[in-house]
There are 2 protein chains.
Amino acid sequence: MLATAIRAAEALPEGHPCLDCAVRSVAVCRVLGCDDLATMRQLGWTLHLRPGQPLFHEGDPATRVFTLTRGALKLYKLLPDGRRQVTGFMFPGDFLGITVDDDHAFTVEALIESQLCWFPRRRFGEFVETHADLERGLYRLAAHELAAAQAQMVLLGRKTAEERVASFFLGLLERAERGGGRAARTVDLPMSRLDIADYLGLTKETVSRVLALLRNKQTIRLAALTRVEIIDRDALTAIAEGMTDC
Amino acid sequence: MLATAIRAAEALPEGHPCLDCAVRSVAVCRVLGCDDLATMRQLGWTLHLRPGQPLFHEGDPATRVFTLTRGALKLYKLLPDGRRQVTGFMFPGDFLGITVDDDHAFTVEALIESQLCWFPRRRFGEFVETHADLERGLYRLAAHELAAAQAQMVLLGRKTAEERVASFFLGLLERAERGGGRAARTVDLPMSRLDIADYLGLTKETVSRVLALLRNKQTIRLAALTRVEIIDRDALTAIAEGMTDC
DNA sequence: CGTTCGATTGAGCTTTCTCAAGCACAGTGG
DNA sequence: CCACTGTGCTTGAGAAAGCTCAATCGAACG
């Protein structure tokens, strides 16, 4: 199915306005498990974001659904006094539009130069209604995200700073492997230390200190500020699950 | 639709084996927005739990889906060393079975005497496939739970102990009002202080101390160990959103 | 009336936060 | 080519929120 979609995309001439849509639709289709690329392509529009640029804010009316095709996003919620909780990061192929409310429940902002494909929410909804497999894919996606959210609750409610950071790296690693299709040893960090801290329920200083700690333990190596090499994955897994001292 | 379902249930003679199923199906139907009660009734089975009795454990194969018809449940995940995160509580009418994995992602345990209606997962899946509206209801339910999980992430990652407890009470209050249909002033706490603590990412001692604090502030009153009266809901809301000192 | 178990209260401690200073790297202009 | 500057990262020291351990309380139950 994915192969079909890619072939369909490649059949278009370079620069053709539909090319991008097609490529992007591949992502939608891959995520939602839908095969009707032709229809998807007719509906889609393109959108670019610069680093730091918001896609929409918490409370904005949810009029569109998106698929991230290039770049990286952060999703977050704010408290009135400015405290922030990053609820997730998105990478190419990820779908953004699971909601039953009329308004968005969180803010989305680009971490780096990003490209998205979007569809009007209503038309997407109509399209989904005529494609039972897509509807099911949407449900599966929501169920999957729910499970991830529950794992994050364990992290935020019960893990130590070191365990949180270890879990974070492993999560990024698994995501990279899912996206890239093969085992990875390094992960990119398109987000700032503050973003990481706000995702893990810590402060940027604590994140920094734990990074230093893991570096001293030879568990990770900071290849660059925004690039971490996992030296000892087993150790990292043990730390992440709190099995260091029991 | 709900009225129809209830009438169908009441049409059966007292003690008839289908009565319970019918009543329970009302709950499933209410939650999932499905109207085909007759079919649901034919598929359902009954199950009772005593306080503290587990329904299933994290990692068990997910072979059934449930609707809670009476009582209250807690859902939790454990770390290897025993640390626990309660990811949610369930009350009558709540549906339990959102997963795409073969195994359960959390443990479920009865807080008090409880009654559930269950269906074999596979047969439920087949049934859902033939009822597009049910499939949509399932998606909406998952999306709703996802939003709730994200709100809980803010609580666990960024709120103070006082804010967490205030949010918890307001959540229970809203749930009670949704279930009861009218404004509520008191909430029952079928769970222990430890359960509350494990839900809020605190210790039972801290929960106890915050309870005393809110009591001294005249924001709540402890009508009994397991019953809280909300005296000043606005104040509680202000605390929950962190708007006390800004 | 005593026992038990959960809830509360108290005292000291630990982890993480806060605030502040120093560092490193990228971009800018002399 | 190199100092200048800004921004984000790191490191340090002290503070605080919440945790741990321990004692006490109190309601339910035999």
Side-chain angles (χ1 to χ4, degrees), chain A residues 51-52 74 79 81-86 109 111-112 155-166 168 188-216 220-228 239 242 244-246, chain B residues 51-52 74 79 81-86 109 111-113 155-168 188-216 220-228 239 242 244-246:
Chain A
K74 65 181 170 196
L79 287 172
D81 64 356
R83 277 174 288 173
R84 195 175 67 143
Q85 179 65 40
V86 171
E109 207 176 295
L111 293 168
I112 53 177
L155 182 148
L156 292 170
R158 286 295 174 236
K159 288 190 181 177
T160 66
E162 194 184 356
E163 290 161 3
R164 293 179 199 207
V165 173
F168 173 63
D188 266 318
L189 304 176
M191 66 294 285
S192 71
R193 298 292 191 266
L194 182 57
D195 290 332
I196 298 174
D198 283 347
Y199 179 59
L200 300 177
L202 301 169
T203 59
K204 59 187 192 307
E205 290 92 338
T206 300
V207 170
S208 230
R209 278 183 253 271
V210 172
L211 249 39
L213 182 74
L214 292 174
R215 184 157 39 83
N216 291 341
I220 63 167
R221 205 172 67 83
L222 287 163
L225 262 182
T226 66
R227 191 165 187 79
V228 178
I239 294 170
T244 296
D245 30 33
C246 73
Chain B
K74 65 181 170 196
L79 287 172
D81 63 356
R83 277 173 289 173
R84 195 176 66 142
Q85 178 65 38
V86 171
E109 207 176 295
L111 293 168
I112 53 176
E113 192 92 15
L155 182 148
L156 292 169
R158 287 294 175 235
K159 288 190 182 176
T160 66
E162 194 184 355
E163 290 161 3
R164 293 180 199 208
V165 173
S167 303
F168 174 62
D188 265 318
L189 304 177
M191 66 293 286
S192 71
R193 297 294 190 265
L194 183 58
D195 291 332
I196 298 173
D198 283 347
Y199 179 60
L200 300 178
L202 301 169
T203 58
K204 59 189 192 305
E205 290 92 338
T206 299
V207 170
S208 233
R209 278 184 253 271
V210 172
L211 249 40
L213 183 74
L214 292 174
R215 185 158 38 83
N216 292 339
I220 63 167
R221 204 171 69 85
L222 286 163
L225 262 183
T226 67
R227 191 165 188 78
V228 178
I239 293 169
T244 296
D245 31 31
C246 73

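A quick note: this is a predicted structure, and the numbers were derived from the prediction, not measured. In what follows, chains are A, B, ... by sequence order, proteins preceding strands, each numbered from 1.
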- [ ] Measure from CG on B/L213 to C1' on C/dT8 and round the result to the nearest Å.
- [x] 14 Å
Task: Side-chain donor or acceptor of A/R158 paired with backbone N/O of B/R84 under 3.5 Å - done: yes
- [ ] Could you state the atom-to-atom distance from CG of A/L202 to P of D/dA17 in whole Å?
- [x] 18 Å
TODO: Could you state the atom-to-atom distance from CG of B/L225 to P of C/dG6 in whole Å?
DONE: 12 Å
Open item on the list: If you only use heavy atoms from C-beta on, which nucleotide in D/dT11, C/dT9, D/dG18 is closest to the side chain of A/A212?
Closed with: D/dT11
- [ ] State whether A/T206 places a side-chain N or O below 4.0 Å from either non-bridging phosphate oxygen (OP1 or OP2) of C/dT16.
- [x] no
Task: Pair of N/O donor and acceptor under 3.5 Å linking D/dC9 base with A/E205 side chain - done: no
Task: Presence of A/R209 side-chain N/O under 4.0 Å of C/dT16 phosphate oxygens OP1/OP2 - done: no
Open item on the list: If you define the side chain from C-beta out and look only at heavy atoms, does anything of A/Q85 sit under 4.5 Å from A/L156?
Closed with: yes
Task: Shortest non-hydrogen contact from A/L200 toward A/R164 - done: O-NH1, 2.8 Å
Task: Distance, rounded to the nearest Å, where A/R193 contributes CZ and D/dT7 contributes C1' - done: 14 Å
TODO: For B/L222 and C/dG6, give me the distance from atom CG to atom P, rounded to whole Å.
DONE: 18 Å
Task: Given DNA chain D, 5'-ward residue of the pair B/E162 and A/K204, judged by closest heavy atom - done: A/K204
Open item on the list: Quick check on D/dG8: is either OP1 or OP2 less than 4.0 Å from any side-chain nitrogen or oxygen of A/S192?
Closed with: no
Task: Atom pair distance, as rounded to whole Å: CG in A/L194 and C1' in D/dT10 - done: 14 Å
Task: Whole-Å distance separating the CZ atom of A/R215 from the P atom of D/dC9 - done: 14 Å
Open item on the list: Restricting to non-hydrogen atoms, name the atom on B/R193 and the atom on B/V207 that form the minimum distance, rounded to 0.1 Å.
Closed with: CD-CG1, 4.2 Å
- [ ] Using atom CZ of B/R83 as one end and atom C1' of C/dT15 as the other, report the distance to the nearest whole Å.
- [x] 13 Å
Task: Residue of the set B/T244, B/I239, B/T206 for which side-chain contact (heavy atoms from CB on, under 4.5 Å) holds with B/E162 - done: B/I239
